[in-house]
Amino acid sequence: MLLKKVLGTAVASVLVAGMVACGGSEDKTATNATAESKGQNWRYAHEEYENDVQDVFAYKFKEYIEANSAHSLQVFRFGELGESDDIMEQTQAGILQFVNQSPGFTGSLIPEAQIFFIPYLLPVEEAHIMAFFKKSKAIKEIFPKLYAEQGLELLTMYPEGEVVLTTDEPIRSPDDLQGKNIRTMTNPLLLETYKAFGGIPTLLPWGEVYGGLQTNILQGQENPLFWIESGGLYEVSPHLTFTGHNQFTTAMMANKEFFDGLSAKDQTLIKAATDYAFNYMTEYVPGLGEKKLQAIMDASDEVTVTRLTAAERQVFIDRAPQVEQKFVEITGESGQALLEQFKADLKASAIQ
Ligand code: 6CS
């Protein structure tokens with residue numbers, strides 16, 4: 001994993017230098033109509049590996065764009081252009097046209113994106129979470145304005161699966177987390193969550209995680225099951241606990257200047273390609289975690305799975321309000337309004 005990262009970063013520098021030297025994909029003198037008929041090569045980076053959830057999304061998006069226009073889409077996976085923060089910077093700078101970055105890394109850019117880390121706010125039930133992402137006004141109306149302020153056209157947000165805690169020993173309570181360094185994405189509110197849950201929050205980019213667990217610098221981390229399987233995290237952090245405290249959410253967006261400069265036809269194409277990929281995910285993600293858990297159990301005899309009783313879970317749930325309060329403190333009135341809309345959307349999308 002570490003080697004992959006080092007190589008990835010080296011390749012990234014060369015690729016980015018090449019892209020800048022070529023002046024990007026846009027022919028500044030071409031009219032939109034010429035660009036449409038000749039087609040352009042658009043660049044899209046995400047945070048995961050081949051066949052992971054973000055990769056499946058990206059390739060569905062590409063399939064639609066290429067089947068319905070003269071444009072082509074080049075997809076870059078984790079490490080090819082650097083870490084998550086690197087691909088975001090490259091998108092804001094216009095070197096990339098599209099990026100998939102999870103709110104876990106967007107929190108410092110857009111504080112309100114930390115709402116996804118209030119524990120026990122999002123449901124783990126797959127039908128409920130999908131209904132929420134399909135309809136949520138907070139996601140469709142409030143978030144696009146917040147992303148636009150950062151030069152980004154938010155195209156969609158979608159879930160990747162229930163977050164599961166993995167550790168070096170089985171966990172049943174906050175006391176069991178005492179003294180353990182728990183890696184989270186680089187998001188200030190996740191720090192509050194793991195403080196509240198009893199551990200020592202350790203905010204790190206993805207590239208540091210496997211090695212940190214392997215060398216016991218870290219004693220745990222949280223992620224959805226597909227990622228625990230594909231990243232081999234169960235090999236170095238084999239005790240899985242279903243705390244039920246969150247869903248992994250991610251977001252896909254375009255450079256806003258690029259998007260605003262496109263013809264109405266190309267903007268419609270991009271929105272349709274996003275809907276096509278999103279609809280695919282509504283079928284692809286539910287049930288994925290269970291399949292990946294089976295693959296993990298088949299691959300390792302060391303893995304244990306802890307499903308908390310209602311009473312054990314309640315001890316963690318009781319610690320969530322302090323994190324919600326911190327979110328409101330950090331984000332003020334805008335965060336409060338977003339939280340109210342979020343709660344209304346969650347209620348409206350609850351499955352009866
Ligand atoms: O934990 C992380 O950093 C990573 N987790 C997932 C599921 N996707 C990308 C992200 O970098």
Side-chain angles (χ1 to χ4, degrees), residues 1-2 4-5 8-9 12 44-58 75-91 98-109 113-114 116-117 122 124 129 133 156-167 181-191 193-194 199 201-214 217-237 240 245-253 281 284-285 288-289 291-293 295-296:
M1 298 288 286
L2 287 177
K4 228 177 190 177
K5 192 203 159 204
T9 309
Y44 179 130
H46 67 72
E47 304 168 314
E48 297 179 354
Y49 302 107
E50 190 174 1
N51 295 330
D52 284 336
V53 174
Q54 291 181 21
D55 196 52
V56 171
F57 185 101
V75 177
F76 296 93
R77 298 183 170 122
F78 176 82
E80 291 174 2
L81 298 177
E83 279 280 1
S84 186
D85 284 351
D86 300 318
I87 57 176
M88 175 56 93
E89 274 174 28
Q90 290 157 26
T91 306
F98 300 97
V99 69
N100 194 137
Q101 191 190 55
S102 305
F105 292 111
T106 317
S108 42
L109 198 62
Q114 296 176 91
F116 293 101
F117 301 95
L122 290 180
V124 290
I129 196 74
F133 276 96
T156 193
M157 289 184 162
Y158 59 96
E160 297 195 35
E162 176 177 355
V163 166
V164 174
L165 176 64
T166 75
T167 40
N181 291 327
I182 307 296
R183 179 270 175 171
T184 69
M185 290 181 283
T186 55
N187 176 324
L189 209 71
L190 270 166
L191 185 136
T193 298
Y194 276 93
T202 311
L203 280 61
L204 288 172
W206 166 248
E208 314 295 324
V209 184
Y210 189 95
L213 291 164
Q214 194 171 34
I217 290 168
L218 300 170
Q219 288 79 43
Q221 65 85 42
E222 58 159 52
N223 253 307
L225 286 159
F226 85 86
W227 190 250
I228 294 169
E229 196 266 338
S230 90
L233 292 171
Y234 63 92
E235 298 161 357
V236 286
S237 190
L240 276 53
H245 73 282
N246 213 355
Q247 272 281 339
F248 191 97
T249 295
T250 197
M252 189 277 219
M253 64 216 86
M281 303 323 281
Y284 183 79
V285 173
L288 181 67
K291 278 186 222 145
K292 296 296 178 175
L293 180 59
I296 292 170

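Worth knowing before you read on, the calculation uses all heavy atoms, side chains too, and leaves out hydrogens, waters and symmetry mates. Order of listing sets the numbers, starting from 1, for every ligand and every atom in it.
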(message) I'd like to check the side-chain hydrogen bond (donor to acceptor under 3.5 Å, both in side chains) partners of E160; sequence neighbours left out, ordered by chain and number.
(response) Q54
(request) Could I get the full list of side-chain hydrogen bond (donor to acceptor under 3.5 Å, both in side chains) partners for E235, not counting sequence neighbours? (result)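 Scan of E235 (side-chain hydrogen bond (donor to acceptor under 3.5 Å, both in side chains), adjacent residues dropped) gives Y210.
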(message) Before you tell me yes or no, could you show the steps for E222 and H245 under side chain to side chain donor-acceptor pair (under 3.5 Å), namely the whole-Å CA-CA distance, both residues' side-chain angles and the distance that decides it to 0.1 Å?
(response) CA-CA 10 Å; E222 58 159 52; H245 73 282; 2.9 Å; yes
(message) Run the ring-ring contact (aromatic ring centres under 6.0 Å, His included) test against F57 and tell me which residues pass, sequence neighbours left out.
(response)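 Partners of F57 by the ring-ring contact (aromatic ring centres under 6.0 Å, His included) criterion, ordered by chain and then number, come out as Y158.
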Report each N/O pair between ligand 1 and the protein that falls under 3.5 Å, naming both atoms.
residue, atom, partner, partner atom, Å
ligand 1, 1 (O), R183, NH1, 2.7
ligand 1, 1 (O), N223, OD1, 3.3
ligand 1, 1 (O), N223, ND2, 2.9
ligand 1, 3 (O), R183, NH1, 3.4
ligand 1, 3 (O), R183, NH2, 2.9
ligand 1, 5 (N), N223, OD1, 2.9
ligand 1, 5 (N), W227, NE1, 3.4
ligand 1, 8 (N), E48, OE2, 2.7

(request) Indicate whether any N or O donor in one side chain lies under 3.5 Å from an N or O acceptor in the other, for S102 and E47. (result) yes
(message) Among R183, Q219, Q221, exactly one meets side chain to side chain donor-acceptor pair (under 3.5 Å) together with T166. Which residue is that?
(response) Q221
